[in-house]
Protein chains: 2
Amino acid sequence: MARSPVDSRRPLTLRDVSEASGVSEMTVSRVLRNRGDVSDSTREKVLEAARMLGYVPNKIAGALASQRVNLVGVVIPSLSNLVFPEVLGGISAELDDTGLQPVVGVTAYLPEKEETVLYEMLSWRPSGMIVAGLEHSETARAMLRNSGVPVVEIMDTDGEGVDSVVGISHRRAGRQMAAAIVAAGYRRIGFLGTKMPLDHRARKRLEGFQEGLAEAGLQLADTEFYSGGSALKKGREMTQAILTRTPDLDFLYYSNDMIGAGGLLWCLENGYDVPGQLGLAGFNGVDLLEGLPRRLATMDSCRREIGAKAAQIIAGRPHSGVIGGEVIELTPVIQPGDTIRRV
Amino acid sequence: MARSPVDSRRPLTLRDVSEASGVSEMTVSRVLRNRGDVSDSTREKVLEAARMLGYVPNKIAGALASQRVNLVGVVIPSLSNLVFPEVLGGISAELDDTGLQPVVGVTAYLPEKEETVLYEMLSWRPSGMIVAGLEHSETARAMLRNSGVPVVEIMDTDGEGVDSVVGISHRRAGRQMAAAIVAAGYRRIGFLGTKMPLDHRARKRLEGFQEGLAEAGLQLADTEFYSGGSALKKGREMTQAILTRTPDLDFLYYSNDMIGAGGLLWCLENGYDVPGQLGLAGFNGVDLLEGLPRRLATMDSCRREIGAKAAQIIAGRPHSGVIGGEVIELTPVIQPGDTIRRV
DNA sequence: TTGAAAGCGCTAACAG
DNA sequence: CTGTTAGCGCTTTCAA
């Protein structure tokens with residue numbers, strides 16, 4: 001806190017602590033890192049001096065010398081979609097006691113942006129990289145592969161990872177939901193989702209959903225896409241649009257809970273019998289759903305757990321021994337709620 | 001990508017590029033940073049070699065040598081409250097073209113955790129620190145003050161900052177809302193909010209609200225607090241609880257939009273005449289509100305803008321010349337929506 | 001248990 | 001326009 005000798009604006013170094021305590025730099029370093037054996041008396045002296053001066057070690061120098069960096073790169077497409085902050089929360093919580101720190105990069109779903117962010121992060125030689133999705137440019141994949149740091153690709157297991165993978169199969173999730181809907185007797189099914197062609201997980205869910213329908217000899221009766229804006233409001237608008245265009249739909253599958261919730265509110269206000277006349281389902285299992293007038297059917301996307309497991313993998317690989325990829329596929333469970341007919 | 005000579009697992013260095021291109025390390029460095037004048041022919045040679053080898057510079061070494069770190073520490077209390085990811089989004093977007101990268105630390109509203117996170121971040125000698133709130137332990141404040149890096153405290157302007165401050169006055173926001181409510185003729189007013197005593201901004205809003213009521217000779221008729229869980233659901237439960245206990249309330253002021261939205265849904269379902277019989281208001285201006293059956297009165301908390309302005313301050317101070325604190329107070333505006341009687 | 005020497009990989013500063 | 005020389009502030013390694 002207090003600057004002992006002169007309050008010059010030069011940042012304090014180990015040497016300052018060394019001089020103030022009369023102990024060699026090396027020993028000061030050992031004390032500050034709890035490394036090796038140091039006598040209690042010298043330890044005291046050093047800690048006292050460091051505290052008096054308000055010394056904060058320089059990790060840049062430490063990292064260079066030790067070739068060890070306590071940073072973990074986290075690359076996600078967006079922060080405005082609640083899902084990613086939640087994953088990040090899982091990562092952050094799990095990393096909490098490991099001395100590792102997350103560094104966040106946002107790609108806005110753009111492959112070129114992803115390359116830039118990865119390059120930037122890898123140049124810090126982090127202890128690990130956690131990257132959303134399996135779809136990357138060849139350049140990006142090569143950077144990750146050659147980086148020598150453990151890489152965990154998260155959220156999705158439908159495809160090949162560079163190293164470790166933690167996620168769910170969105171394709172299977174889509175199929176499962178289709179099966180549940182068909183089993184409940186619905187036949188005229190519509191899909192509502194984002195227009196974003198680079199959201200591969202949403203795309204895979206839709207594809208899986210269509211496969212599931214096909215198995216039952218069905219196909220989508222109508223679709224509606226949107227981009228941008230308040231998801232809840234968009235859900236309302238899209239629902240109205242699709243039901244106006246195709247009034248005989250008996251089920252609406254939404255690519256996320258937010259638009260699904262908007263749709264649910266709209267249907268209830270407009271006198272639809274849910275789930276008798278019209279069934280609804282979303283995706284993600286956001287806890288907002290608990291407060292709606294009726295519980296929207298959904299599927300938990302396990303996002304905090306995905307973050308936590310990814311962080312564990314990074315934290316558990318001390319020196320990036322090239323142990324090679326774990327693949328952890330979590331299994332999301334359908335939460336039928338109140339918007340699918342019980343059979 | 002391809003490892004030219006031998007595919008040893010040693011990370012590539014500038015020297016490797018230098019040797020591969022036949023150009024001195026220094027010139028390679030210049031090319032890779034677009035610094036100084038380099039002839040087109042050597043530039044080509046260098047870039048070619050770097051690309052062939054798949055070289056990624058080591059910023060640790062670069063930062064140590066240049067005393068410049070392109071990291072910005074961002075310290076926030078939580079990631080599960082949508083507000084903070086939004087601020088972070090504003091920061092991240094603004095930093096995007098500056099070459100600066102945000103590093104996120106989460107404090108869980110705990111002062112001790114904040115100290116740890118700050119210490120950890122400052123040890124990276126970042127280009128700036130963006131910290132939520134004005135309330136910090138003396139130790140934390142001292143670390144920030146002595147760090148020599150520009151500090152921006154965000155979200156709140158009610159108090160003294162260490163350096164720069166960007167935010168809104170929550171106290172004033174509370175007073176304003178009180179004034180609007182009183183002006184609309186409501187008299188029996190209840191408050192619903194989080195129990196969290198360390199959420200200083202929520203506390204200041206409440207205090208300001210009470211001051212505003214007091215000016216009109218009123219005081220809170222009842223209060224209800226919660227912690228944890230789905231905010232939407234909690235909003236329902238709390239609303240039911242407070243209205244059961246104090247049925248003659250004619251206004252409910254919620255400390256955030258999420259619980260307010262839950263309350264709104266509950267009131268509508270239970271046949272309350274909103275805003276005739278009962279008025280409602282929240283805080284934050286989340287865009288979820290656009291999709292509700294009725295538009296909840298609220299107040300924009302300017303969070304993306306706060307993030308953006310904070311990032312600008314950091315990005316605009318090249319070498320942390322101790323120019324001293326800017327204070328930017330944004331003025332949130334009441335959005336009366338449909339849940340306050342028009343006068 | 002402590003200290004001295006030698007870098008970590010890069011860039012500032014200067015010289016050509 | 002290009003190269004050389006010294007470090008940046010730590011930690012590793014070895015010696016005392």
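Below, chain A is the first sequence line, B the second, and so on; all start at residue 1.
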Rounded off to whole Å, could you give me the CD-to-P distance for the A/E44 and C/dT1 pair? 15 Å
Please write out each protein N/O paired with an N/O of nucleotides 9-13 of chain D under 3.5 Å, distance rounded to 0.1 Å.
residue: D/dG9; atom: OP1; partner: B/Q67; partner atom: NE2; Å: 3.4
residue: D/dG9; atom: N2; partner: A/A61; partner atom: O; Å: 3.3
residue: D/dC10; atom: OP1; partner: A/Y55; partner atom: OH; Å: 2.5
residue: D/dC10; atom: OP2; partner: A/L14; partner atom: N; Å: 2.9
residue: D/dT11; atom: OP1; partner: A/R33; partner atom: NE; Å: 3.3
residue: D/dT11; atom: OP2; partner: A/S29; partner atom: OG; Å: 2.3
residue: D/dT12; atom: OP1; partner: A/R68; partner atom: NH2; Å: 3.2
residue: D/dT12; atom: OP2; partner: A/R33; partner atom: NH1; Å: 3.3

Is the closest basic N to carboxylate O distance between A/K59 and B/E120 below 4.0 Å? yes
Are B/H136 and B/E153 linked by a side-chain donor-acceptor pair shorter than 3.5 Å? yes
Got A/V152 and A/I314 here, is their nearest side-chain heavy-atom distance under 4.5 Å? yes
Over the length of the helix from C/dT1-D/dA16 to C/dG16-D/dC1, how much do the five-pair end axes diverge, rounded to 10 degrees? 30°
If you measure from the Lys or Arg side-chain nitrogens to the Asp or Glu carboxylate oxygens, is any gap between B/R141 and B/E114 under 4.0 Å? no
Does the side chain of B/L32 come within less than 4.5 Å of B/P57's, by heavy atoms? no
With a 3.5 Å cut-off and no angle check, do the side chains of A/S164 and A/E326 form a donor-acceptor pair? no
For a quick test of reading the model: is some side-chain N or O of B/T27 closer than 4.0 Å to OP1 or OP2 of D/dC1? no
B/S39 side chain to B/R43 side chain, donor-acceptor N/O pair below 3.5 angstrom: no
Are A/V165 and A/E160 side-chain neighbours, meaning at least one heavy-atom pair lies under 4.5 Å? no
